[in-house]
> 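Have a look at the structure that comes next, please.
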2 protein chains.
Amino acid sequence: MRVADGMTIGEAASRSGVPRKTIRFYEDIGLIEPAKRFANRYRRYDGHDVQTLRFIHRARNLGFSIGEVGELLALYRDRRRASSDVKRLALAHVERLDRKIAELTAVRNTIADLARRCRGDHRPECPIIEELEAPAK
Amino acid sequence: MRVADGMTIGEAASRSGVPRKTIRFYEDIGLIEPAKRFANRYRRYDGHDVQTLRFIHRARNLGFSIGEVGELLALYRDRRRASSDVKRLALAHVERLDRKIAELTAVRNTIADLARRCRGDHRPECPIIEELEAPAK
DNA sequence: CTTGACCTTCCACCCGCTGGATGGCCTATA
DNA sequence: TATAGGCCATCCAGCGGGTGGAAGGTCAAG
């Protein structure tokens, strides 16, 4: 497999950061094109494929869904794209994140407050359990 | 089914806030005991069961995993519990939430910053795509 | 010639539900 | 009494986004 014209899935995985299994998974669901193959049927990747995988990896790390990553990939490949399309996706994602952060923060504060009021000793009295049993307000 | 001694799953669902399907699911996975049955094999619930379902509902809404809800339920039922056990679960959850919130906030700020620097017009230039292509630093 | 590191496919599992198919039960109305 | 509807039952499949394992092919080194 030490050929000049491409690398196997393992090398593409280590160069891109996307695990082998996940690369095959992305192929299965159609996020990436089916890979070319070597004569022995091993998948073959080139530098361009690795670049695409890195792009996907970063977009996923930023929390874009696979569907959105597909859209971003299409825009990435479209030289005539309007940056407004990219920005729209990004701002929608920021809004989603803001909602999620607000939700988690509210929950976090609720629990932290209950915990603060719980003595945490050998006795059973505990505002946390009481709140779950019958919430105040 | 208009009997004095219990209610069907639909009524338990609407009184507790846990959907019917979810109640059966909780039974399947052993989070709650298998329900008693009416003569016609319909599941039968009483006020105590509804209270348990409400407890579960609230704990889930606070983001505790099903496993943790199981632990909380056991502590809830244990009159001799030490409040320290409950507090430990709660504080572990707060830590998890803090980590998640920090992570989401970092991602949120990254994307918001990229979006701010993107003109969002008809032209293709876009720092968001550029960052995904090859991240700065 | 064997070992071990790759690679292949396929199938099952994780979490926490949710929806659908198919059929039984019960009550009200025509 | 027949039927319509609204419950209920079970079982199976799927969501998102992978991950792990089994069974087997391929290759280079020792």
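Chain A is the first sequence line, chain B the second, and so forth, proteins listed ahead of strands; every chain is numbered from 1.
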> May I ask you to evaluate whether A:R44 reaches the phosphate of C:dC7, defined as a side-chain N or O under 4.0 Å from OP1 or OP2?
no
> Report which part of the nucleic acid B:I29 touches: base, sugar-phosphate, or nothing (heavy-atom distance under 4.0 Å, all strands).
nothing
> For B:R96, check side-chain hydrogen bond (donor to acceptor under 3.5 Å, both in side chains) against everything at least two apart and list the hits.
B:E68, B:H93
> Check the phosphate of D:dG25 against A:N40, side-chain N and O only, distance under 4.0 Å to OP1 or OP2. Yes or no?
no
> Do B:R117 and B:D113 sit within salt-bridge range, that is, some charged N less than 4.0 Å from a carboxylate O?
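Judged by the 4.0 Å cut-off on N to carboxylate O distance, B:R117 and B:D113 do form a salt bridge.
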> Backbone N or O of B:P124 within a donor-acceptor pair of the A:R81 side chain at under 3.5 Å?
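Confirmed, A:R81 side chain pairs with B:P124 backbone.
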> On DNA chain D, compare the nucleotides closest to A:T22 and A:A39; which residue's is nearer the 5' end?
A:T22
> Over how many whole Å does the gap from A:I56 atom CD1 to D:dG18 atom P extend?
10 Å
> Mind calculating the distance between CD1 (A:I23) and C1' (C:dT9) to the nearest angstrom?
16 Å
> Using atom CZ of B:F38 as one end and atom P of C:dC26 as the other, report the distance to the nearest whole Å.
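So the CZ-P distance, B:F38 to C:dC26, works out to 11 Å.
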> Where the side chain of A:S65 is defined as all heavy atoms beyond and including C-beta, which of D:dC8, C:dC7, D:dG17 is the nearest nucleotide?
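The answer is D:dG17, which lies nearest to the side chain.
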> Rounded to whole Å, please give me the gap between CZ in B:R24 and P in C:dG19.
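Distance, rounded to whole Å: 13 Å.
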> Check every strand shown and say whether B:R20 touches a base, only sugar-phosphate, or nothing at a heavy-atom separation below 4.0 Å.
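The residue B:R20 makes sugar-phosphate contact but no base contact.
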> Starting at CD1 of A:I9 and ending at P of C:dA5, how long is that distance when rounded to a whole Å?
19 Å
> Please state whether the base of C:dG24 and the side chain of B:Y42 form at least one donor-acceptor pair under 3.5 Å?
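Yes, the side chain and the base share a sub-3.5 Å donor-acceptor pair.
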> Under 4.0 Å between a side-chain N/O of A:T8 and OP1 or OP2 of C:dC7, yes or no?
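Result: yes.
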> Do the side chain of B:R58 and the main chain of A:L132 share a donor and acceptor less than 3.5 angstrom apart?
yes
> Toward the 5' end of DNA chain C, which comes first, B:K21 or B:I66, by nearest nucleotide?
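So the residue in question is B:I66.
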> List in chain and number order the residues that pass ring pair (Phe, Tyr, Trp, His ring centres under 6.0 Å) with B:F55, two or more places apart in sequence or in another chain; answer none if no residue qualifies.
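If we apply the ring pair (Phe, Tyr, Trp, His ring centres under 6.0 Å) test to B:F55, skipping adjacent residues, the hits are B:Y76.
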> Which residue lies toward the 5' end of DNA chain C, B:F25 or A:G10, if each is placed at its nearest nucleotide?
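Its nearest nucleotide lies further toward 5', so the answer is A:G10.
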> Using whole Å, report how far CD of B:E27 lies from P of D:dC8.
14 Å
> Picking from D:dC8, C:dT8, D:dT26, which would you name as closest to the side chain of A:R37?
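Of the options given, the side chain of A:R37 lies nearest C:dT8.
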> Could you work out which one of D:dT19, C:dT9, C:dT18 sits closest to the side chain of A:R43?
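So the nucleotide nearest the side chain must be C:dT9.
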> Please confirm whether the shortest side-chain N or O distance from A:R41 to OP1 or OP2 of D:dT26 is below 4.0 Å.
no
> In whole angstroms, how far is the P atom of D:dC8 from the CD atom of B:E11?
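Those two atoms, CD and P, are 9 Å apart.
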